[in-house]
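Okay, so here's the structure we're looking at.
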Amino acid sequence: LFFAMLFSSGIAVAAGSHGVRNGSFGSRVARPADLAAKQERVAQLRKQGWTCPDAGDWPLSWDGQGDGMTVEWPATGGVDNDRHARLSGGVGGYVNGYWGQFLTGSHVLTFRARGKGTLRVGLMAWKYADDRATPLPGNADVPGLALRVDSPEWVRYRYLMRKPAWEVVGHPLFQAPEGTVDFDDVGITDS
């Protein structure tokens, strides 16, 4: 009965699954305090050369880092004719979702993409000591993946991320250094 209630309520239970928050971009920033904070963040990104929508059009749990990026969050046209992300011009910047889990062995970053250009994906990662409580200096060194996207249709991609010799926690990141690429349905699961 317990599992029947979970599945009928729309809560997915999967062993070893660590989902990316709002990986299909359906929930938007809505609370007034969150909107005000996000609008401040949007203003900061615009000062860094970003072209991006106002706070109310950003999906909940997604942010941007770095310089000179163009991001859109179209309301339709995604995998399920819903919201998705559109990136271009991102050599020094990227968008990131929220995952916040430690790599344990290896994980698979999954997403769908379409468009024409290069899409770089990876993990915005932080290095920790073995106790998983003490942050360490230096780069976390989780390699990313650059792939060529050339399709008007949605294509599913999977990228295997392996845990380095130290503890690493992070969030998925996406960058489009050339062309314009859409992406949707972002998730991370144990491999």
V155-L145 co-clustered via ILVMFWY side chain contacts under 4.5 Å: yes

Distance-minimising heavy-atom pair for G64 and L45: O-CD2, 3.6 Å

Side-chain donor or acceptor of N22 paired with backbone N/O of S27 under 3.5 Å: yes

Pairwise salt bridge (charged side-chain N to carboxylate O under 4.0 Å, His left out) hits with a residue in residues 104-120, at least two apart: R112-D185, R114-D182, K116-D150

Ion pair check, D54 and K38, cut-off under 4.0 Å: no

Centroid-centroid distance, F183 to F174, less than 6.0 Å: yes

Inter-residue atom distance F111.CZ - R156.CZ, 0.5 Å rounding: 10.5 Å

Rounded distance [0.5 Å steps], CD in Q39 versus CG in D34: 13.0 Å

hydrophobic_cluster_shared for V95 and V79, side chain cutoff 4.5 Å: no

Same cluster (ILVMFWY, side-chain, under 4.5 Å), W166 and L103: yes

Spatial distance of atom CG (L35) from atom CD (E40) [nearest 0.5 Å]: 11.5 Å

ILVMFWY network linking W154 to Y157, side-chain heavy atoms under 4.5 angstrom: no

Within-4.5 Å side-chain heavy-atom neighbours: W62 and V71: no

Interatomic distance, T118 atom OG1 to L147 atom CG [nearest 0.5 angstrom]: 8.0 Å

Heavy-atom pair with the smallest gap, counting every atom of W73 and A85: CZ3-CB, 3.4 Å

Note, H84 side chain near P74 side chain (heavy atom, < 4.5 Å): yes

Steps toward side chain to side chain contact (heavy atoms under 4.5 Å, CB included) verdict (M161, I188): CA-CA 10 Å; M161 299 180 296; I188 297 177; 4.1 Å; yes

Minimum heavy-atom distance between A113 and V181, given as atom pair plus value: CB-CG1, 4.3 Å

V121 with W99, same ILVMFWY side-chain cluster at under 4.5 Å: yes

Residue list, salt bridge (Lys or Arg N to Asp or Glu O under 4.0 Å) with D80, at least two apart or on another chain: none

R148 atom CZ, over 12 foreign heavy atoms within 6.0 Å: yes

Greater than 12 external heavy atoms within 6.0 Å of R162's CZ: no

Approximate separation, where rounding is to 0.5 Å, of L123 CG and N96 CG: 10.0 Å

Closest contact, heavy atoms only, L109 versus G122: CD2-O, 4.1 Å

Donor-acceptor contact below 3.5 Å, side chain R86 vs main chain T180: no

Enclosure of R132 CZ (heavy-atom neighbours >12, cutoff 6.0 Å): yes

Flag side-chain contact, heavy atom, 4.5 Å: D57 against R28: yes

Considering all heavy atoms, the nearest Y159-P143 contact: OH-O, 2.6 Å

Expected output: side-chain S151 to main-chain E153 donor-acceptor under 3.5 Å: yes

4.5 Å side-chain heavy-atom contact, L87 and Y94: no

Of all pairs that satisfy side chain to side chain donor-acceptor pair (under 3.5 Å), the ones with a partner from residues 122-131, not counting sequence neighbours: D131-T134

Minimum-distance pair of heavy atoms, taken over all atoms of V108 and S191: CG2-CB, 3.6 Å

Spacing of SG belonging to C52 relative to CZ belonging to R41, to within rounding of 0.5 Å: 9.5 Å

